[in-house]
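Heavy atoms only: backbone and side chains are in, while hydrogens, waters and symmetry mates are out. Just so you know, these numbers come straight off a predicted model, no measurement behind them.
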Amino acid sequence: MAAIIQGIGAATALTSANSLDTKKSFFSNSRRSLSERKGRSFVVRSDGRLSYGLNGRGGRAEQLITNAVAAKEDAAATSTSSKPGHELLLFEALREGLEEEMDRDPAVCVMGEDVGHYGGSYKVTKGLAPKYGDLRVLDTPIAENSFTGMGIGAAMTGLRPVIEGMNMGFLLLAFNQISNNCGMLHYTSGGQFKIPVVIRGPGGVGRQLGAEHSQRLESYFQSIPGIQMVACSTPYNAKGLMKAAIRSDNPVILFEHVLLYNLKERIPDEEYVLNLEEAEMVRPGEHVTILTYSRMRYHVMQAAKTLVNKGYDPEVIDIRSLKPFDLHTIGNSVKKTHRVLIVEECMRTGGIGASLTAAITENFHDYLDAPIICLSSQDVPTPYAGTLENWTVVQPAQIVTAVEQLCQ
């Protein structure tokens with residue numbers, strides 16, 4: 001499994017026109033076919049099955065084993081170089097998914113700060129402006145409220161904008177547009193308007209980026225009716241979730257982590273689209289269900305190696321869909337293990353873990369043999385000092401200790 005390296009990568013942009021016919025003729029000159037990697041698409045389900053179709057819309061623990069991947073994954077793994085497909089960094093996978101959708105549908109456009117000729121602050125949109133033109137890859141002023149509102153309005157006319165906030169913390173300036181317009185217009189218009197917009201960008205605790213650039217805002221947006229939320233953690237699911245989000249008629253917020261952009265993985269040459277509402281079974285196990293997402297997936301997998309050597313068999317699930325939760329996958333795991341540990345980078349008070357704890361308790365209480373444990377970030381602004389920064393987020397040693405307590 002690839003190591004986590006501080007990354008490069010994230011940005012996007014938009015346009016406007018009044019009708020689909022107008023858009024097709026308007027954008028046709030800027031379209032080019034993507035690459036040889038085209039063919040039948042397939043949807044990858046969380047259980048690993050493929051559906052084929054046509055292209056469509058705590059405490060201190062013992063020394064941890066580093067570069068950890070769970071034992072069952074080790075046994076089945078083959079070397080990266082021997083797998084079919086092509087290797088991409090996570091930010092490149094996001095770009096490839098975006099580029100494929102821009103080739104497929106002329107209504108897809110991108111907007112945000114520096115997403116055009118600069119290629120985005122994290123280079124997710126690098127090379128798209130020369131290929132598609134300034135009207136489909138639109139550089140905007142530093143005015144999040146304005147260009148987010150413009151993107152939502154463009155979505156109402158039939159476009160499929162991808163809006164980048166450069167940093168998720170900056171989107172707090174557009175919270176009114178996202179809440180009162182993006183999430184509600186389909187309902188308040190009596191279904192007359194769809195809002196097929198993707199709002200994306202980097203967030204999470206980076207490497208000494210300071211409090212304002214290290215925000216985890218998943219829980220802020222979670223309470224907005226009418227919005228879906230997903231979080232990518234690998235190049236494979238980054239591309240698949242990007243494509244699915246763009247094709248969705250619902251507004252989708254795609255959370256990316258600033259420290260995962262340089263994560264490398266081999267992904268299929270064939271086109272694929274993931275399900276926005278399905279979790280991913282990362283490692284099957286018997287003793288405890290560990291639910292996580294984004295960067296914490298790798299802290300969990302590092303802890304899992306140590307846990308296996310101690311005789312535990314953890315089941316690890318990347319919940320991926322932050323709203324709605326995939327209670328089918330989660331419930332089946334709880335019924336098997338009867339113990340749940342939630343590991344998140346979001347804040348403890350009112351975070352994703354709190355909502356997930358409530359959902360599991362409400363639906364699967366009778367299957368639990370122990371109280372749910374939730375490991376979250378501390379409710380403090382993220383310090384700039386690196387050592388203090390590490391203390392605010394969950395570390396693998398805490399995960400090991402928590403599982404030992406659960407399984408006593």
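Heavy atoms only, all atoms of each residue included: M184 and N180 are closest at CB-O, 3.7 Å. Taking both residues in full, the closest heavy atoms of F325 and A359 are given as CD1-CB, 4.3 Å, listed atom of the first, atom of the second, then distance. The two residues L209 and H213 have their closest heavy-atom pair at O-CB, 3.4 Å. Pairing each heavy atom of I352 with each of E218, the nearest pair is CG1-CB, 3.7 Å. Residues L263 and T234 approach most closely at CD2-CA, 4.1 Å, considering heavy atoms. The two atoms that bring I178 and I152 nearest to each other are N-CD1, 4.4 Å, heavy atoms only.
Sparse packing is recorded around NZ of K194, with 12 or fewer heavy atoms of other residues, nucleotides or ligands lying under 6.0 Å away. In K323, the NZ atom is crowded: over 12 heavy atoms of neighbouring residues, nucleotides or ligands sit closer than 6.0 Å. The local environment of OH in Y367 is sparse, with at most 12 non-hydrogen atoms from other residues, nucleotides or ligands closer than 6.0 Å.
Between the side chains of E315 and T337, no donor-acceptor pair is found at a separation under 3.5 Å. A donor-acceptor contact closer than 3.5 angstrom is absent between the side chains of Q177 and E144. T289 and S333 share a side-chain donor-acceptor pair at under 3.5 Å.
Counting only distance, with no hydrogens or angles, the side chain of T392 and the backbone of T382 share no donor-acceptor pair below 3.5 Å. Side-chain atoms of D139 come within 3.5 Å of backbone atoms of G116 as a donor-acceptor pair (strictly under, hydrogens ignored). At least one donor-acceptor pair closer than 3.5 Å links the side chain of Y272 to the backbone N or O of Y236. A donor-acceptor pair under 3.5 Å is absent between the side-chain atoms of S223 and the main chain of S219, judged by distance alone. Proximity of a side-chain donor or acceptor of Q378 to a complementary backbone N or O of W391 within less than 3.5 Å is detected. The backbone N or O of P314 lies less than 3.5 Å from no partner atom in the side chain of H287, so there is not a single donor-acceptor pair. Using modelled atom types, no side-chain atom of T125 and backbone atom of L128 make a donor-acceptor pair closer than 3.5 Å. With S321 contributing its side chain and D326 its backbone, the two residues share no donor-acceptor pair below 3.5 Å. Remark: side-chain polar atoms of H186 are not paired, donor with acceptor, to backbone N or O of G183 under 3.5 angstrom. In this structure a side-chain-to-backbone donor-acceptor pair under 3.5 Å is present from T361 to T357.
Separating the CG atom in L217 from the CE atom in M168 is a distance of 8.0 Å, to the nearest 0.5 Å. Here the CG atom belonging to N167 is positioned 8.0 Å from the CD atom belonging to Q215, to the nearest 0.5 angstrom. For the atom pair OG1 of T401 and CD of Q395, the computed distance is 12.0 Å after rounding to the nearest 0.5 Å. Residue R266 holds its CZ atom at 9.5 Å from CG of L88, rounded to the nearest 0.5 Å. Put simply, CD on E256 and CE on M242 are 6.0 Å apart, with the number rounded to the nearest 0.5 Å. With rounding to the nearest 0.5 angstrom, the CD1 atom of I224 is 8.5 Å from the CE atom of M229.
For the pair K123 and Y118, the cation-pi criterion (under 6.0 Å, within 45° of the ring axis) is fulfilled.
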Tell me, with the steps shown, if R320 and S233 meet side-chain contact (heavy atoms from CB on, under 4.5 Å). CA-CA 8 Å; R320 217 157 56 178; S233 54; 5.7 Å; no
Pair V300, Y293 - check side-chain contact (heavy atoms from CB on, under 4.5 Å), show working. CA-CA 9 Å; V300 168; Y293 64 93; over 6 Å; no
Report the C-alpha separation of D134 and H117 in whole Å, then their side-chain angles, then the decisive distance to 0.1 Å, and conclude whether the side-chain contact (heavy atoms from CB on, under 4.5 Å) test is met. CA-CA 9 Å; D134 293 340; H117 293 278; 2.8 Å; yes
Assess the residue pair Y298 and L260 against the criterion (side-chain contact (heavy atoms from CB on, under 4.5 Å)); give the C-alpha distance rounded to whole Å, side-chain angles, the decisive distance to 0.1 Å, and a yes or no. CA-CA 10 Å; Y298 297 94; L260 298 185; 4.0 Å; yes
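Using a 4.0 Å cut-off between charged side-chain N and carboxylate O, D313 and R283 make a salt bridge. Under the 4.0 Å criterion applied to side-chain N and carboxylate O atoms, R160 and D249 are assigned as salt-bridge partners.
Counting heavy atoms from C-beta outward, K264 and P235 have side chains that stay 4.5 Å or more apart.
Taking the six-membered ring where tryptophan is involved, the planes of F221 and F255 are tilted, since the angle between them lies from 30° to 60°.
S377 pairs in a side-chain hydrogen bond (donor to acceptor under 3.5 Å, both in side chains) with only one of the listed residues (R348, E345, R216), which is R216. Each of K131, R104, K243, R136 was checked for a salt bridge (charged side-chain N to carboxylate O under 4.0 Å, His left out) with E99, and the lone residue meeting it is K131.
The six-membered or imidazole ring of F364 lies away from that of H338, with a centre-to-centre distance of 6.0 Å or more.
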